[in-house]
Chemist: 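Structure provided below as structure tokens; questions to follow.
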Amino acid sequence: MEDLVAYLVSGCKPKENWRIGTEHEKFGFEVDTLRPIKYDQIRDILNGLAERFDWDKIVEENNVIGLKQGKQSISLEPGGQFELSGAPLETLHQTCAEVNSHLYQVKAVGEEMRIGFLGIGFQPKWALSDIPIMPKGRYEIMRNYMPKVGSLGLDMMFRTCTVQVNLDFSSEQDMIRKFRTGLALQPIATAIFANSPFKEGKPNGYLSLRSHIWTDTDNNRSGMLPFVFDDSFGFERYVDYALDVPMYFVYRNKKYIDCTGMSFRDFMVGKLPQAPGELPTLNDWENHLTTIFPEVRLKRYLEMRGADGGPWRRLCALPAFWVGLLYDEESLQSISDMTSDWTNEEREMLRRKVPVTGLKTPFRDGYVRDLAEEILQLSKNGLERRGYKEVGFLREVDAVISSGVTPAERLLNLYETKWQRRVDPVFQELLY
């Protein structure tokens, strides 16, 4: 147990070493048919990127399943969604440059193969049965397990795309404040970046279907983690929680062993029927922590997980939004004060209603949009005080909040008017 806590504690860093990590997923599609790309097309893209731009290949059972270059990596999600996990960077200018360079590379290789990439939170056109399956061992285990624990897990795996931001903390106390603030504000971010209004060619009744899907994927490992707001919360309490989250797998001899339903606690005492007598390593713990999916996730840093995939400007705007709030002492204090009397019920209500009504969701005596305005101001102030001239990255967020129109509502409006109730034009509209 102590080692597991120490692993998380080792994430604490002095403020001058705080970095920003951004991860984003996107859907690859054939330009001529709009169909999702298959594994062999993805393999060709990965090989092309490796040859042309000097990435190292990551191989599993003779299949190229990802790429690595320095501290950046490219990986495949279960339905072939293409993910860039960015390096830990110092400023938002570097973050945006990294995103731009990645999109340039992917486009250069993809265009020759007539493949495009779409920035949206949920697959707008194709059914689950149309999505090709990627040859990754851990996904097969998840695919078999998901239908046992929720009705929407396969949709989450195969048809959603997200953007997330990874941020550092300096101490347990700092982690707790950022964790609580992050959880409270996640639905506000979901509203601002809502961008998944279509399913199988029609409006789906949500502004962020991606966010809604998480409410019935697997409630043992997702959600708003009310215990984070208990006085007793700290690294140890999170470890306690994670020990009881059912496992997916153990990785041994280059193979994933299905351990679904067993707990890490069992593993700690060598009680996994599938791997008798095996005891976990820190690497197993690290793996296990990546299979927990709450709205904010703790590793050796904190992950903000509430935003839909979107076009490149928003890939720079999301980290800007969070950095302005959480990396500036004054803004963090203001936001902690502002959210400290929110109840579990209120946070849960926002979590459930925002995917449907976005910025128009009522909250206390106003709307989420009013909150968003106040929070945006705090984020801008925080970025100003950082002194890197980063406020410009919030333009996109500013436009959404001041108009009160989420990206999803803009798409729905185009669908009803210019697109004449056809969803195909979204592939051009949100093409990277």
Side-chain angles (χ1 to χ4, degrees), residues 24-42 44-45 76-84 99 102-104 106-134 152 154-163 190 193-213 307-315 355-356 358 396 399-400 403 405-432:
H24 79 270
E25 301 162 353
K26 48 202 165 300
F27 294 107
F29 65 95
E30 297 175 350
V31 172
D32 301 318
T33 63
L34 306 183
R35 292 195 76 84
I37 52 178
K38 299 185 183 70
Y39 173 70
D40 54 354
Q41 293 167 301
I42 290 175
D44 294 347
I45 290 181
L76 293 186
E77 292 299 300
Q81 304 96 315
F82 218 71
E83 175 170 25
L84 173 72
V99 165
H102 168 75
L103 293 176
Y104 163 77
V106 166
K107 205 171 167 157
V109 175
E111 270 177 351
E112 291 170 11
M113 299 167 54
R114 308 276 304 148
I115 283 169
F117 284 89
L118 178 69
I120 197 167
F122 187 85
Q123 164 55 254
K125 184 175 170 76
W126 302 99
L128 204 45
S129 55
D130 295 313
I131 312 288
I133 290 169
M134 295 302 113
L152 299 172
L154 295 177
D155 275 333
M156 180 280 290
M157 288 177 66
F158 291 97
R159 294 203 284 179
T160 63
C161 278
T162 181
V163 188
T190 299
F193 291 90
N195 193 40
S196 45
F198 303 120
K199 176 182 176 176
E200 294 169 27
K202 297 191 289 291
N204 57 36
Y206 294 87
L207 300 179
S208 176
L209 179 60
R210 183 206 63 82
S211 177
H212 168 71
I213 281 170
D308 284 359
W312 74 265
R313 268 201 189 81
R314 271 177 247 150
L315 303 183
V356 186
E396 186 85 357
V400 169
S403 68
V405 179
T406 60
E409 288 162 302
R410 207 181 68 78
L411 293 176
L412 288 167
N413 184 37
L414 283 167
Y415 172 85
E416 291 295 344
T417 54
K418 192 174 159 197
W419 300 350
Q420 301 177 330
R421 302 184 71 90
R422 284 169 53 253
V423 86
D424 291 5
V426 79
F427 286 85
Q428 200 46 54
E429 180 76 18
L430 296 181
L431 178 72
Y432 283 110

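If you read the sequence from its start, that first residue is 1, and numbering goes on from there.
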Chemist: Salt-bridge test for Glu25 and Arg210: reply yes if a basic N is under 4.0 Å from a carboxylate O, no otherwise.
Modeler: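 No.
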Chemist: Taking all non-hydrogen atoms of both residues into account, name the closest pair between Asn204 and Ser196 and its distance.
Modeler: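 Smallest interatomic distance, heavy atoms only, reads ND2-O, 3.1 Å.
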Chemist: Report the C-alpha distance between Ile115 and Asp44 in whole Å, list the side-chain angles of each, state the deciding distance to 0.1 Å, and finish with yes or no for side chain to side chain contact (heavy atoms under 4.5 Å, CB included).
Modeler: CA-CA 11 Å; Ile115 283 169; Asp44 294 347; over 6 Å; no
Chemist: Nearest heavy-atom pair of Val31 and Gly116: which atoms, and what distance?
Modeler: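 Shortest heavy-atom separation between Val31 and Gly116 comes out as CG2-N, 3.6 Å.
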Chemist: Looking at CZ of Phe122 and NZ of Lys199, how far apart are the two atoms once the value is rounded to the nearest 0.5 Å?
Modeler: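 Interatomic distance, Phe122 CZ to Lys199 NZ, rounded to 0.5 Å: 5.5 Å.
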Chemist: Minimum heavy-atom separation for Gly309 and Asn195, please, with both atom names.
Modeler: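 That would be O-ND2, 2.9 Å.
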Chemist: Can a donor-acceptor pair be found, under 3.5 Å and without considering hydrogens, that links the side chain of Thr162 to the backbone of Ala307?
Modeler: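 Side chain of Thr162 to backbone of Ala307, a donor-acceptor pair under 3.5 Å: yes, one is there.
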Chemist: If every non-hydrogen atom of Leu412 is compared with every non-hydrogen atom of Pro203, which pair is closest and at what distance?
Modeler: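 So the two residues come closest at CD2-CB, 3.7 Å.
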Chemist: If the plane angle is over 60° it's perpendicular, under 30° parallel, otherwise tilted; pick one for Phe198 and Tyr415.
Modeler: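 The arrangement is tilted - the two ring planes meet at 30° to 60°.
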Chemist: Contact between Leu431 and Phe117 at the side-chain level, heavy atoms closer than 4.5 Å - yes or no?
Modeler: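 Side-chain contact under 4.5 Å: no.
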Chemist: Would you please test Lys202 and Val423 for side chain to side chain contact (heavy atoms under 4.5 Å, CB included) and show each step?
Modeler: CA-CA 7 Å; Lys202 297 191 289 291; Val423 86; over 6 Å; no
Chemist: Atom CD of residue position Gln428 - does it have more than 12 heavy atoms of other residues, nucleotides or ligands inside 6.0 Å?
Modeler: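 Counting neighbours around CD of Gln428, 12 or fewer heavy atoms of other residues, nucleotides or ligands fall under 6.0 Å, so no.
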Chemist: When you measure from the centre of the six-membered ring of Trp126, is the NZ or CZ of Arg159 under 6.0 Å away and within 45° of the axis?
Modeler: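 Arg159 over Trp126 ring: no.
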Chemist: Is any side-chain heavy atom of Pro124 closer than 4.5 Å to a side-chain heavy atom of Leu118?
Modeler: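 With C-beta onward as the side chain, the pair touches.
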Chemist: Show the numbers, then the answer: is there a side chain to side chain contact (heavy atoms under 4.5 Å, CB included) between Arg410 and Glu429?
Modeler: CA-CA 11 Å; Arg410 207 181 68 78; Glu429 180 76 18; 2.9 Å; yes
Chemist: Answer yes or no: is there an ion pair linking Lys125 with Glu200, defined by an N-O contact shorter than 4.0 Å?
Modeler: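 No, Lys125 and Glu200 are not salt-bridged.
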Chemist: Would you find a donor on one side and an acceptor on the other, under 3.5 Å apart, between the side chain of Glu416 and the backbone of Asn413?
Modeler: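 No; zero donor-acceptor contacts below 3.5 Å.
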